[in-house]
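Every heavy atom of this structure was used, including side-chain atoms; hydrogens, water molecules and symmetry mates were not.
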Amino acid sequence: MKLLLDENLSDRIIYRIIDLYPDSEHVKTLGLTNTDDVVI
């Protein structure tokens, strides 16, 4: 399963869950900070 973490969660969480959820991303690393949920 691949997760996309919301900006309300720390981007440091990715490093703790990457073994369980490979290819997961944070909106910050994708340049989607402050983007409307509808767009995401």
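Note that the CG atom of Leu5 and the CD1 atom of Ile14 stand 4.0 Å from one another [nearest 0.5 Å].
Here the closest heavy-atom approach between residue Leu3 and residue Met1 is recorded as CD2-SD, 3.8 Å. In terms of heavy atoms, Glu7 sits closest to His26 at CA-CE1, 3.8 Å.
A single hydrophobic cluster is not seen to contain both Tyr15 and Leu20; linkage of ILVMFWY side chains at heavy-atom distances under 4.5 Å, directly or through other members, places them apart.
With Asp6 contributing its side chain and Asn8 its backbone, the two residues share a donor-acceptor pair below 3.5 Å.
No side-chain heavy atom of Val27 sits under 4.5 Å from any side-chain heavy atom of Thr35. At least one side-chain heavy atom of Leu4 sits under 4.5 Å from a side-chain heavy atom of Leu30.
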